[in-house]
Amino acid sequence: MGVTSTVKDGDLGAKDGLDELVALARMIAYARQVAQDVKLQFAANCLDLALEAVKQEVGEGLTRELAELSSPVPLVSIKSH
């Protein structure tokens, strides 16, 4: 099941928004990997946080789609606090 299959056919704006968030998550994951490769640990940690924030924005339904972009940051729900 892809990103497009989780959005209703009539809601193209939401589909485009989800596609953009998934693309953003992939870019952040790439930047995080580069930061780790060049030993910029603080930058890598900040990018981990950014990646988790984007994944939370995308929502529970698409976290499986972004599973390959996992980071060591534990999932924390701001809403439950």
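The basis for the numbers below is simple: all heavy atoms, side chains too, and nothing from hydrogens, waters or symmetry mates.
Ala50 meets the side chain to side chain contact (heavy atoms under 4.5 Å, CB included) test with Ile28; sequence neighbours excluded. Residues passing the side chain to side chain contact (heavy atoms under 4.5 Å, CB included) test with Ala53: none are found, sequence neighbours excluded. With sequence neighbours left out, the side chain to side chain contact (heavy atoms under 4.5 Å, CB included) criterion links Gln33 to Gln36, Asp37. Residues passing the side chain to side chain contact (heavy atoms under 4.5 Å, CB included) test with Gln41, sequence neighbours excluded: Ala44, Asn45.
In this structure, CD in Gln56 is found 10.5 Å from CG in Leu51, a value given to the nearest 0.5 Å. Here Lys55 contributes atom NZ and Leu24 contributes atom CG; the two are 13.0 Å apart, rounded to the nearest 0.5 Å.
Leu47 and Tyr30 fall into different hydrophobic clusters, defined by Ile, Leu, Val, Met, Phe, Trp and Tyr side-chain heavy atoms under 4.5 Å apart, directly or through other members.
Of all non-hydrogen atoms in Leu21 and Val58, the two that sit nearest each other are CB-CG2, 3.6 Å.
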